[in-house]
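Below is one structure, written out as structure tokens; comments come after it.
Since we're looking at a predicted model, the values are computed, not measured.
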Amino acid sequence: MTRISMLFVLGVSALWGQDWARQTVDKSPRHREWVTVKHDGRNVETFVAYPEVSSKAPVIVVIHEIFGMTDWVEDVADEFAAAGYIAIAPDLLSGMAPNGGRTKDFDSAGVGPAIGKLPPDQITADLNAVADYGKKLPASNGKVFVAGFCWGGGNSFRFATNRADLAAAFVFYGPPPPADTMARIKAPVFGFYGGNDARIDATIPDAVTEMKAAGKTYDPVTYEGAGHGFMRAGEQPDANNANKKAREDAWVRLKALMKKYS
């Protein structure tokens, strides 16, 4: 069994049973909808959450974890909307499940391996199409951010190497892209990491050095005692104090950064 499939199997039962996340989303007063973003023969099923504001708003593309498009991804997208942003969360497994389905159409063991097999160029094309869709929305002011979590965190960092008009990229406990691609980054990159996540934290020092050498902005913050996935784990009813505090502190930082670059 691969590392990706092992990670998925270990967490899938809890993730797909997150009734608390579903209940939180369903109670939201904000407008939410599913749309199909079409490009190059692909149909990307995408969750959109709108803020309740009187003026046009920035867009933030939300990239899901290795577990695919779970209820928690809808939940965090709605939190971005609550903060005043149009949140757009594509299911990057759209069309990849049996019979052309998406995350929800895989069996419990199929999502992780399928995520691992996604072609990088397809991921980039999907994200570009979704970002373009968001920019053209009548309620959008044309500014686009990206935020990703876990697998999505690494793809948020990587997307910054492929999209020149991003206002900022937010990387939650994801690895950096290859050093030779960092010169293409135009947006500032901000990292959010758990102190008890040695596998990912080990990548930070080299990323700092490589981004500095490329003349790019990269500002990582590590939250003491928090584990990998603390933005989700810190919201769970049984969250430990370290994950809960990391999540709260990360949201404060995140909102301040989004306001600064909006």
Side-chain angles (χ1 to χ4, degrees), residues 1-25 47 60-80 87 89-93 103 106 108-109 111-116 118 123 146-159 169-176 189-204 207 220-255:
M1 183 178 288
T2 66
R3 185 184 188 91
I4 288 175
S5 58
M6 284 181 66
L7 176 60
F8 180 81
V9 170
L10 287 171
V12 68
S13 296
L15 284 164
W16 284 34
Q18 287 179 341
D19 292 340
W20 55 269
R22 181 76 263 151
Q23 291 168 7
T24 300
V25 175
F47 179 79
I60 185 158
V61 176
V62 181
I63 310 177
H64 58 66
E65 303 163 296
I66 197 172
F67 306 106
M69 191 68 193
T70 61
D71 290 342
W72 180 77
V73 180
E74 293 186 38
D75 178 25
V76 76
D78 185 65
E79 286 190 271
F80 279 114
D91 186 340
L92 296 172
L93 285 176
T103 297
F106 280 98
S108 60
V111 173
I115 288 274
L118 287 176
I123 295 169
V146 64
F149 304 85
C150 177
W151 177 86
N155 275 286
S156 176
F157 210 150
R158 193 177 70 84
F159 191 46
F170 304 113
V171 179
F172 287 84
Y173 31 87
V189 179
F190 300 95
F192 301 74
Y193 303 94
N196 291 351
D197 189 10
R199 178 179 65 90
I200 294 298
D201 293 350
T203 69
I204 297 173
V221 170
T222 301
Y223 298 89
E224 183 178 357
H228 187 81
F230 64 79
M231 291 297 284
R232 169 177 39 77
E235 189 182 358
Q236 293 175 179
D238 61 350
N240 64 43
N241 290 335
N243 284 336
K244 189 180 297 185
K245 184 177 188 304
R247 179 181 180 277
E248 292 170 353
D249 291 349
W251 267 114
V252 170
R253 180 185 182 223
L254 181 59
K255 288 177 182 178

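Of all the heavy atoms in A109 and P113, the pair that sits closest is O-CD, 3.4 Å. Across N243 and A226, no two heavy atoms sit closer than the pair OD1-CA, 3.4 Å. The two atoms that bring V73 and G68 nearest to each other are CG2-O, 3.7 Å, heavy atoms only. In terms of heavy-atom proximity, N196 sits nearest to D201 at N-OD2, 4.5 Å. Summarising the geometry of S156 relative to V146, their closest heavy-atom pair is OG-CG1, 3.4 Å, with the distance given to 0.1 Å. Contact between A239 and A233 at its shortest, heavy atoms only, is CB-O, 3.1 Å.
Counting non-hydrogen atoms of other residues, nucleotides and ligands closer than 6.0 Å to CG of D238 gives a total above 12.
For A250, the side chain to side chain contact (heavy atoms under 4.5 Å, CB included) criterion is met by F172, F192, Y223, F230, M231, not counting sequence neighbours. Every residue two or more places apart in sequence or in another chain that forms a salt bridge (charged side-chain N to carboxylate O under 4.0 Å, His left out) with R22 is listed here: D26, D71, E74. When the side chain to side chain contact (heavy atoms under 4.5 Å, CB included) test is applied to P175, the partners found at least two apart in sequence or on another chain are I200. A search for side chain to side chain donor-acceptor pair (under 3.5 Å) contacts involving D249 returns K245, not counting sequence neighbours. Every residue two or more places apart in sequence or in another chain was checked for a salt bridge (charged side-chain N to carboxylate O under 4.0 Å, His left out) with D197, and none qualifies. Evaluation of the side chain to side chain contact (heavy atoms under 4.5 Å, CB included) rule for A242 yields N240 as partners, not counting sequence neighbours.
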Decide yes or no on side chain to side chain donor-acceptor pair (under 3.5 Å) for D91 and T103, but give the supporting numbers first. CA-CA 7 Å; D91 186 340; T103 297; 2.8 Å; yes
Kindly determine whether F106 and L93 satisfy side-chain contact (heavy atoms from CB on, under 4.5 Å), including the steps that lead there. CA-CA 9 Å; F106 280 98; L93 285 176; 3.8 Å; yes
Evaluate side chain to side chain donor-acceptor pair (under 3.5 Å) for W72 paired with E235, printing each intermediate quantity in order. CA-CA 10 Å; W72 180 77; E235 189 182 358; 3.0 Å; yes
Pair R232, V76 - check side-chain contact (heavy atoms from CB on, under 4.5 Å), show working. CA-CA 8 Å; R232 169 177 39 77; V76 76; over 6 Å; no
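Checking side-chain atoms of N155 against main-chain N and O of G148 turns up no donor-acceptor pair under 3.5 Å.
The closest side-chain heavy-atom distance from L92 to M69 is not below 4.5 Å. The shortest side-chain heavy-atom distance between F170 and L254 falls under the 4.5 Å cut-off. Side-chain contact between F157 and V189 is present, with at least one heavy-atom pair separated by less than 4.5 Å. Using a 4.5 Å cut-off on side-chain heavy atoms (C-beta onward), H228 and Y193 make no contact. When side chains are defined from C-beta on, V221 counts as touching R253, because their heavy atoms get closer than 4.5 Å. Residues I63 and F149 form no side-chain contact, since every pair of their non-hydrogen atoms from C-beta on lies 4.5 Å or further apart.
Comment: E79 does not engage K255 in a salt bridge, judged by the lack of any side-chain N to carboxylate O separation of less than 4.0 angstrom.
For the atom pair CD1 of I123 and CG of L118, the computed distance is 5.0 Å after rounding to the nearest 0.5 Å.
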